[in-house]
Amino acid sequence: MVDMGAFREAVDGWAAGGAGGPAADLAAGLGLRTAVLLEGPSDLEAVEALAERHGRDLAAEGVSVLSMRGAMNVARYAALLGPPGLGLRLTGLCDENEQGFYERGLERAGAPDATFFVCAADLEDELIRTLGTTRVEEIIEAEGDIRAWRTLLHQPAHQGRPRQRLLRRFLGTRKGRKIHYARLLTESLPPGQAPTPLANLLENL
């Protein structure tokens, strides 16, 4: 059975300068029609978690969700997977301050018609605003991270800063934390509520 994880690994190898044949063969075996390009693995966790909450099997629908391991790689991944490469329809998320970079990168890649949905700061910020800071802190406490959160909260350099901004910073202070909480926060969204960019992306698939 063809595995989506194997396709992602093949694409990463291709993007790093390897051969494209394995990725092309796997894409055909999976019946892929759409590639969702995301900046990092935390975004991937959130997209897959929301899809699961809606009872959708993206792989079965011919959709591959990929982490590009950095926004700077958008032109490379778009060229490989979009019209100039495998011919997949491209979509994804980008941060507001990187929107212009994405547009230029997609143009250079020959994929100017790709549809990307814009997060105000980043997806974590969107999730925090949707849930509210009180709910996010409850989730942090339930995960046993409340002491680390309070330590950051009481540091002199952070006094007077908006709680939402500090929560966003907290999620990025330890390796793996952002990935872990991206799924948790998405799974904690009230029914029918999701950040607009994330909801629009899923609806577009």
Side-chain angles (χ1 to χ4, degrees), residues 1-52 54 56-126 178-179 182 186 194-205:
M1 181 178 178
V2 181
D3 178 72
M4 187 64 73
F7 174 71
R8 290 170 176 161
E9 291 180 5
V11 171
D12 288 341
W14 191 12
D25 291 343
L26 288 166
L30 288 163
L32 293 184
R33 58 178 181 82
T34 299
V36 180
L37 301 183
L38 302 168
E39 182 175 345
S42 62
D43 299 328
L44 188 151
E45 286 292 328
V47 170
E48 292 197 329
L50 189 64
E52 290 165 11
H54 284 78
R56 295 184 60 179
D57 183 343
L58 296 182
E61 296 176 24
V63 177
S64 178
V65 185
L66 302 107
S67 163
M68 300 182 293
R69 290 169 172 75
M72 300 297 289
N73 293 321
V74 64
R76 177 65 172 161
Y77 276 75
L80 297 180
L81 300 175
L86 297 186
L88 303 178
R89 182 174 73 97
L90 300 179
T91 188
L93 297 170
C94 73
D95 300 343
E96 188 174 53
N97 64 355
E98 294 169 343
Q99 186 175 3
F101 175 79
Y102 269 65
E103 290 171 352
R104 293 188 296 272
L106 293 168
E107 184 74 35
R108 290 197 309 273
D113 296 328
T115 302
F116 277 74
F117 298 93
V118 182
C119 299
D122 55 24
L123 185 53
E124 286 73 29
D125 183 66
E126 296 276 359
K178 185 183 289 190
I179 299 170
T186 304
T196 299
L198 186 57
N200 287 346
L201 172 63
L202 189 62
E203 186 177 345
N204 188 56
L205 297 180

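We're numbering straight along the sequence, starting at 1.
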Exercise: identify the closest heavy-atom pair between Val63 and Arg33:
CG2-NH2, 3.9 Å
In sequence, state the C-alpha distance, the side-chain angles, and the governing distance for Leu38 and Leu123, and then conclude on side-chain contact (heavy atoms from CB on, under 4.5 Å).
CA-CA 10 Å; Leu38 302 168; Leu123 185 53; over 6 Å; no
Taking side chain to side chain contact (heavy atoms under 4.5 Å, CB included) as the test, write out the residues that go with Ala10, two or more places apart.
Pro22, Ala23, Leu26
Residues passing the side chain to side chain contact (heavy atoms under 4.5 Å, CB included) test with Thr196, sequence neighbours excluded, are Asn200
Answer whether the closest heavy-atom distance between the side chains of Leu198 and Val47 falls below 4.5 Å.
yes
Minimum heavy-atom separation for Phe117 to Pro197, with atom names?
CB-O, 3.7 Å
With sequence neighbours excluded, tell me which residues meet side chain to side chain donor-acceptor pair (under 3.5 Å) with Glu61.
Arg56
Please confirm whether the backbone N or O of Ala120 pairs with a side-chain atom of Glu126, one donor and one acceptor, at under 3.5 Å?
yes
Pairs meeting criterion side-chain hydrogen bond (donor to acceptor under 3.5 Å, both in side chains) with involvement of residues 67-76, two or more places apart
Asp12-Arg69
Mind checking the CG-SG spacing from Asp125 to Cys119? Nearest 0.5 Å is all I need.
8.5 Å
Side chains of Pro112 and Leu106: closer than 4.5 Å at any heavy-atom pair?
no
Looking at every non-hydrogen atom in both residues, tell me the closest pair between Leu32 and Ser64 and how far apart they are.
CD1-CB, 3.9 Å
I need the minimum non-hydrogen distance between Ala27 and Phe7, along with the two atoms involved.
CB-CE1, 3.7 Å
Sidechain-backbone polar pair: Thr91 side chain, Thr115 backbone, donor-acceptor under 3.5 Å
yes
Atom pair CG/CG of Leu93 and Leu44 - distance to nearest 0.5 Å
10.5 Å
Residue set satisfying side chain to side chain contact (heavy atoms under 4.5 Å, CB included) with Glu52, at least two apart, ordered chain then number -> Glu48, Arg183
Qualifying residues under salt bridge (charged side-chain N to carboxylate O under 4.0 Å, His left out), relative to Glu39, sequence neighbours excluded:
none
Among all residues two or more places apart in sequence or in another chain, which pass the side chain to side chain donor-acceptor pair (under 3.5 Å) test with Glu98?
none
Applying side chain to side chain contact (heavy atoms under 4.5 Å, CB included) to Leu90 and not counting sequence neighbours gives Ala35, Leu37, Ala78, Leu81, Ala111, Ala114
Tell me the salt bridge (Lys or Arg N to Asp or Glu O under 4.0 Å) pairs involving residues 107-124, sequence neighbours left out?
Asp122-Arg168
Taking only residues at least two apart or on different chains, which pairs with a member in residues 74-113 satisfy ring pair (Phe, Tyr, Trp, His ring centres under 6.0 Å)?
Tyr102-Phe116
Show every salt bridge (Lys or Arg N to Asp or Glu O under 4.0 Å) that has at least one partner inside residues 77-97, sequence neighbours left out.
none
What I'd like to find out is whether the side chain of Glu45 reaches to under 4.5 Å of the side chain of Thr186, using heavy atoms alone.
no
